[in-house]
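Structure first, then comments.
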Amino acid sequence: MDFYRTHILTIVAFLPLAGAIALMFFNKENKGGIRIWANLVGLAGFLVSLPLFFWFDYDISGEMQFAESVPWIDALGVQYSVGIDGISLLLVLLTTLLGSIAILSSWESIQDRSKEFYIFMLMLQTGMLGVFISLDFFMFYVFWEVMLVPMYFLIGVWGGPRKLYAAIKFFLYTLVGSVLLLLGILSLYFQYPAIAAAVPEIANEFGSGYTFNILAFQAMAQYLSFDIQYWVFLVFFVGFAIKVPMFPFHTWLPDAHVQAPTAGSVILAGVLLKMGTYGFVRFSLPILPEAAVHFRPHMITLAIIAIIYGALVAMMQKDMKSLVAYSSVSHMGFIMLGMFALNPNGLNGSILQQINHGISTGALFLIVGIIYDRRHTREISEFGGLSTIMPVYATVFLIMTMSSIGLPVLNGFIGEFTILQGALQENLWWAVAGASGIVLGAAYMLWLYQRMMFGKLDNPANEKLPDMNLRELVTLVPLVILAFWIGIYPAPFFKALDGPVNKIVETVRPGYFDANPLEVRNDAGAVPIAEILEPALEIGSGGGDNN
Amino acid sequence: MLELIVFYTFATVAVVSAILLITRQNAVHSAIFLAATLLSVAGVFLSLHAEFLAGVQVIVYVGGILVLFVFVIMLVPTDRAVFERRYNRQGKVALAVAAILVAELGYGLYSGRDIEFAGPVAETVIEGNSQWVGTVLYQNYLLPFEIASILLLVAIIGAVVLSKKPPSEEQARQTAGNSQGAGD
Amino acid sequence: MGAFFQIQDLAAIAPELVLTIFGLALLLLDLIVPDKRRLGYFALAGLGFSGILLFRLDGVDISAYGGQLAVDPFAAYFKFLFLIAAGLTIGISVRYLDIEREQHGEYYALLLFATLGMMFMAGGTDLVTLYIGLETMAIATYILVGFLRGNQRSNEAALKYFLLGAFSSGVLLYGMSLLYGISGSTNLSEIADALTRRPVADPISLLAMITVAAGLFFKIAAVPFHQWTPDAYEGAPTPVTAYMSVAVKAASFAMMVRIFMIAIYPLRDQWVPILAAVAVMTITVSNLAALTQTNVKRMLAYSSISHAGFVLLGLIAGNDTGMTAVALYLFVYTFMNIGAWSIIVALRRRDVIGEYVEDLNGLFFKHPTAATLMLVFMLSLAGIPPTAGFVAKYYLFASVIETGHVTLAVIAALNVAVGLYYYMRVVVAMFMSEATEKTGLTLSPGLVSVLAITLILTLFIGLYPDPFITMAQTATQGF
Amino acid sequence: MVPVYHYLFLGIALFTIGVVGVLTRRNVLIILMSIELMMNAVNINLIAFSSQLQHVTGQVFAIFVIVVAAAEAAVGLGIVIAMFTNKATVNVSEIDLMKW
Amino acid sequence: MNFLDQIWLIPLFPALGFVINGLFGKRMPKAAINTVACGSVLLSFVYALGAVLGLIGLEEEARSHTVTVFEWINAGAAHTSGGELAQFEVSWGFLLDPLSAVMVLVVSGIGFLIHVYSTGYMAHEDGYYRFFAYLNLFMFSMLTLILGSNYLMLFVGWEGVGLCSYLLIGFFITKRSAGDAAKKAFVVNRVGDWGFSIGIMLIFFTFGTLEFTGVNEAIHAGVEGGLYHAGDMIFVVIAFALFIGATGKSAQLPLYVWLPDAMEGPTPVSALIHAATMVTAGVYMVARSNFIYQLAPSAMLLVAVVGALTALMAASIALVQNDIKRVLAYSTVSQLGYMVLALGVGAFAAAIFHLMTHAFFKALLFLGSGSVIHSVHHEQDMRKMGALKNKIPITFATMAIGTLAIAGTPLLSGFFSKDEILWRTFSNPQGNIVLYGIAVVVAGMTAFYMFRMLFMTFFGESRVDPHVNVRESPKAMTIPLIVLAVGAVFAGYVGLPVWIAETNTFEQFLEPVFEPLPFEAAAAGGAVSEVVEYSHAFEAAMAAFSVLIAFIGFFVAYSMYFKKSNRARELATQYKGAYQVLLGKYYIDELYDFLFVDRSKSFGTRLWRFDATYVDGAVNRSAWATVKSADVSGWWDRWVVDGAVRFVGGFVKTFSWPVRLIQTGYVQNYALMMILGVLVLIGYVFWV
């Protein structure tokens, strides 16, 4: 038990891998056994991760907890070092949950080569978890890339008609990004010793030699010259933005989503995209604060473009999967908008929205997958009036639609509103533009829902469709529950985020939390609209702290 | 002055016959001009007081390598080659290249000529070029000398292996057959 | 005036001596032993024996034969590398030669002699030694490439390789002669001294530098001296190709490091830009060319060219990291590349050439394990963690970034992606296309063990590179 | 005493002629001879330097060069013969099975 | 037991009802479903009643009771526009004060009646349980909306009712038109919500809190401290943003287009959601935010104008509708216009008053119409009705009452409330004569079209399809009608105007919520805008005038549709001039010309067309535009963004060829390349 408690992260991360290795020794004809084993491992993976939620100390959610650290490559100062703060906590839990659900969802849809499929799923699981728990940049990078391979296969082998194109596109895009990312990491790596030499307290804490320790990098943030920050931010941006994906780099996403099998899409939308945003939160902001502030307008612009653009394109999709895919582009735009509002509300919302997006979009992909298993088409025009024969399905679909368009009492609303609130504090127009995404979101999601669920059941092919079976229900119920939970009582989540977020804001905008004198207001008389409409973008104004 | 004349006679012979070498249609003629070149080069060596080298040049090259060439030329019926084009398509380019090459090498060496070739102190002079060469060869360059023996061994093996008849007749015939197809 | 020959110098070249003896013995045994396969194992034994002796020289750092030969960690590291490469090559050769009906003792002897030449290239500190070693290796390789006498491709490959090789060694020699001329010595360090005494950028030294560099570029197959590579690699017997792509390259790089980092180090400012240009061209051109290849051997040939380009980056960086990177990269490359080649070897059957991408179609369905191995090797060649290839590439990037050649780094980085594209074509063929009746493998104990070794090391270095990095570091401390 | 660069120029001349031969002739035998020419150019350089520096290292080097030249000639001719037995030609222009 | 502290239960009961019916309804007998559905609503009505009584028990200034259940959102610190550090905290809090008291009673009460009615009306529809689940969900959302103690809670309810109206409009899922209408309603509302949410954020950004009480105090403090002044830009912006939301929900110009279509839903839904409760949410919200609006006079003016115009337009459209439900729908829009107008002129109490009375009679009318439709087997066209008054007497009687009430017949509820609004429009400082004029005209039109409806439906000769045998609706439907009719008669008496009673009790009750901001204090003895005092007699006279107007409307309708239903046409064709003389009203004359010059195209129809083609069309067109732009962006996506990548790919491919073409296979080409390489390198080191 004690061992478990001290090594919980390692166990959580590598349990799926162990399961995969065990799976290799199954006879590939024994499909039933393989299936059951895979599901057992997936479930176990979720269960072992649950204690994190209870053992986590929310009062110091900003600190790295459950930390472990073992030397790995001394020659480079690389360590196997893991630990989670509030942000990673949520993402890890999301990953384990979605992972087990995705595995369960493939029960019937994956029949050929199921053994390899589950092996890849489990490996993917380990890869993603590794990314979220790494405290060592080298290790982070390794996991970051390792996870590409299983995903490549999931798309390329079990995918749709244009799977090869989609798979290689996904792989190349991400690889280009991540190799540049590596260069960025290296240039930080070579910065460290000089700074450590100059600043004794850093040297005392993290040693004076070369290191990949993320915390060390964060500690040296304020000593990094702006030029370094500038360039490293750029390469990091490419690396992460491709993953997110942000506007110009998003085109791999629809292909990958549409071609991938259901489970793949769920994981892709639910977790993989979060790795990009996670990268921004964990690295770009705390390690490169000045650059983050400098690039803020550009990032915001891209984010807003993504919001509106993704929604518009989603509106014209005829394939429900690509519709959902483009909606993810829009949602990720929201996340980036909140993140680069660079204030607590925005960041809290942004990170919570990552979870929400994982839940609702993951669920939507499951829903699409369910209908796809029955009819083997995703053409929206093929369907109509399903709610008469599939009421349960219709209900769940409705709930998830509402969650994705941000209806209160469901999770999406909390995220979107806090994000916009954060954005508005910086610049009214950001919020206005962002909020318009909500309208469009309603438009396309309801269009989808109405086309599929309302109207007469005119397509004979649909007349005999069975409603969701128990297994499918089981895959969705947890997500529904979570959607309501976050929507009604998100307090615990915010509590987990509060610490890390405040830390980030403190680094990026020093002195944000100093309450400001009321004189600002008094002599200004009533607040002039100008102050809201265009606060200057550099730190200090808008936020109004006095440096 | 005399040396200069000697050198230039040898040099001219060498260059002219070299040019003839690469321009003759018949390989046999080329071989003969090669011999001429090698001999005149040996002469140059002599004019440089490298008697031993001159000897080696004559014996090994003219006596060895050249004979080898002639054998092969005899072995390989070159009559077919007589009626063929002598040069490949890139002749002109090659000449241009040659011009540039000469220019660059010449420029380099000529402009560098005044920088005296400051070597280390000369070795202890030993009477007689051959003894001297021998001493240096067997003292300083013993290791390369040994390796060279292996090198020659390898060469012999190679010559033997390669000129043995191909393993299986039918395979040879078949390959020869499609070689006609590939040939033209 | 160098020292005279002392008897302990023999101890210094004990491994080489052993190899020589075994080589000669092979030639004799070839006459008596009917089953030539035994000779293969005999050769293996010789390599092992020499390896053991090599270990006895571990940590020694002396100069033997009056400055002709250095017995230092660097040399030891590379000699070790060559021995391994040769051993692996023999492992995949035995069965192959049977299929080609070319089972001869000379093959193994030549392999040993080639290795011998390489060992002197790694150890030599004198132009003459280096050159003779180089030629020994080269001539042995010419013969090996042409070893399938009945096969036109083999002949052609040999001829091309030989002609260009001789041509390039002529160029190399010309440069060496100039080096001798300006320094009055053939000893690398003395040449360096002479160069430092001479005015920088004096034309003769530059001529010498370029011509020597050109000769070496040819050996490592750097653009534009690379064109022999695809043809030679395609025509040569596949095991020999594997050997060339690994050992010959490594040896040439060892020699290159000796010359560039010692002899013409004074001219570093002049040669860095040249190397940089050549490296960029090499990586890019070869990657582009590889994209559309349908013949796996040619594709791997181009890929090996691009890898050479990557290694050049380390030389450009020129600092400790860079040197370590070179050593480590060549070491890693040996395993992953021979691994990949052995799969190609396994594809060769009596009736199937097994060189084309289609021949790999659906391999996964017939031989899942083999396909998975190939996958690992491909990923490693592409530089995806957690394989050894990633660690090696990582080290190169690190060195380049450290010395501030950002542009180089970015270009190389983008090329990694291009590389991935064509490596993945193999993967697609194996995993995502239907199997044909042609698909199939011939496995032999030797081949299997080679695959096992290469796989294990590829993964192990990828997961725990620490010991190997330290090894490489100690080996390259001299520079 | 002839200045050394006269010899070097002779070397250049022979070397270039050799290069031209390699580049232009179709007959592989003549190409081989041209390569021998290049080797000789190198030898001339070496000898010239050695006599100018007043020591014989260059000559020793030249000996090795000659050895290598011999070895190469042997192997090269062997390859030519092997080639010829398979495909009755000594024309390099006809040797293009493998390209691209 | 103390109801006051359990007001959070009031919304909870319907929520439970929803859960039960939603999950198990499918397997439950109708009776059980009814009990759960109606029972839960009844329960919350009882609780509401108790709570309100408890509230009234308190003394006046303490009549504001907040109950916080638990913390909802806590998204960390935030800078307000003033530069202080605020905490973005929102909790599940419920607030009972006079305003919400009135609303909660109206909603739960009428809601209950409509539930009962529905048990009868929906008896034969399938998806019975679904219907009641939705209704309960609606009740939950509506009550949350009303009782929420902060703007975000209000927003929760706001969106909730939106969702329910979406579900209920689209209840007949097999009807494509229903689906379209539902989606239209939701999306149009979303546009409103967009403005609303911006407004909410701005409120937090300005005051650092979202609690009504908190904002209220902040504003009072600010005004007293001379910090806020009427007309400060920020408040105008906020007020404007909020009003966008209101126009969406309360179907005001320009966002009212969804409401008529919403009639696709079952009639009880129209009654409950699109007449009595949901559509008034906007009015409620603006009234809630009165403290902000008081700071933004210009926004107030905008509100008033929008309200007046909406009222006029909707009424004029209603003049010529033949679908009974559409008439009511447009009438609803126009009545909402009244309320908004009242808000605009600062008569918040009056607005709420009208809201209440309107809830009664409009619900009554809708249910009545539902009963009619039910009895003639789902025929909605009035031209296919007529002479029903004897066949369905109860329905007729109740509807007559409703009509009288809405038409503003004296001593009926509508009279008091509408008259209050008219008077305020005339007398309040924010009001003016133009608005008043419009309002009066609308009053006349209202009377006209309502009576027109009544006559066409119940009088004249029957145009009902003979095969249909008309029967009175079941008790479950008639009883609610009767109850509502009673309400429609007497609801007005809680707020008798001052020229009848000595004080307007209703206004007095709402006083604490709507107390005017202490500008005088701020102005510090500066010029206080003096309010013109009118005598009660004058006010009474005005009332009489409005009654007269209403009567004219009634008379026109009577003369044209009661006596002889085709008389109008004859007149128009034969004795046009005499007809004009008979009704010498100038603009009605115009109206008639338009009505009968051309059969198909009447002015109203035109307006309706206008509505259908332009306003509505604008929505469609914007949809079309978005789709087009989506096309464009999709194109961009496929060709430019992706194309760039593919270009790189193609680039690579195309350049891979020449690279390979160097590879001629001729050894001497290779040699040439090599030597060239050497030359280039030498040239480089020499001359570069």
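A, B, ... follow the sequence lines: proteins, then strands. Residue 1 opens every chain.
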Checklist entry - Quick one: are the ring centres of C:Phe390 and A:Phe138 less than 6.0 Å apart? => result yes
Checklist outcome for this item: In terms of heavy-atom contacts, A:Phe190 and C:Ala398 come closest through CE1-O, 3.3 Å
Item to check | Most chain C-contacting option - heavy-atom pairs closer than 4.5 Å, from A:Leu148, A:Val149, A:Val146 | outcome: A:Val146
Checklist entry - If you round to the nearest 0.5 Å, how far is CD1 of A:Ile168 from CZ of C:Arg425? => result 10.5 Å
Checklist outcome for this item: Honestly, the part of C:Ile384 sitting under 4.5 Å from a heavy atom of chain A is both
Next on the checklist: Just verifying a value: how many Å separate C:Phe364 CZ and A:Arg113 CZ, rounded to the nearest 0.5 Å?
Outcome noted: 5.5 Å
Checklist entry - Out of curiosity, A:Phe153 CZ to C:Leu375 CG, how far, rounded to the nearest 0.5 Å? => result 4.5 Å
Item to check | Straight-line distance of A:Ile73 CD1 to C:Asp466 CG, nearest 0.5 Å | outcome: 7.0 Å
Checklist entry - Run the side chain to side chain contact (heavy atoms under 4.5 Å, CB included) check on A:Tyr152 and C:Met424 step by step: do they pass? => result CA-CA 10 Å; A:Tyr152 170 79; C:Met424 280 303 135; 3.7 Å; yes
Checklist entry - So which part of C:Leu463 gets closer than 4.5 Å to some heavy atom of chain A, the side chain, the backbone, both or neither? => result backbone
Item to check | Working for side chain to side chain contact (heavy atoms under 4.5 Å, CB included), residues C:Tyr394 and A:Tyr141 | outcome: CA-CA 11 Å; C:Tyr394 161 81; A:Tyr141 185 79; over 6 Å; no
Checklist entry - Can you say whether A:Val78 sits under 4.5 Å from chain C via the side chain, the backbone, both, or neither, judging by heavy atoms? => result neither
Checklist entry - Among A:Leu180, A:Leu182, A:Leu175, who wins on heavy-atom pairs under 4.5 Å with chain C? => result A:Leu175
Next on the checklist: Which atoms of A:Leu76 are under 4.5 Å from chain C, going by heavy atoms: the side chain, the backbone, both sets, or neither?
Outcome noted: side chain
Next on the checklist: Under 4.5 Å from any heavy atom of chain C, what part of A:Leu183 do you find: side chain, backbone, both or neither?
Outcome noted: both
Next on the checklist: Is C:Met432 close to chain A through its backbone or its side chain, or both, or neither, when contacts mean heavy atoms under 4.5 Å?
Outcome noted: side chain
Checklist entry - Roughly how far, to the nearest 0.5 Å, is the OG1 atom of C:Thr387 from the CD atom of A:Glu145? => result 9.5 Å
Next on the checklist: Quick check on A:Tyr80 against chain C: is it the side chain, the backbone, both or neither that has a heavy atom closer than 4.5 Å?
Outcome noted: neither
Checklist entry - Quick one: CG on A:Leu172 to CG on C:Leu414, what's the gap to the nearest 0.5 Å? => result 11.5 Å
Checklist entry - What part of C:Val427 is in contact with chain A, defined as an atom under 4.5 angstrom from a non-hydrogen atom: side chain, backbone, both or neither? => result side chain
Checklist entry - Looking at A:Val176, A:Asp74, A:Val157, which makes the most heavy-atom pairs under 4.5 Å with chain C? => result A:Asp74
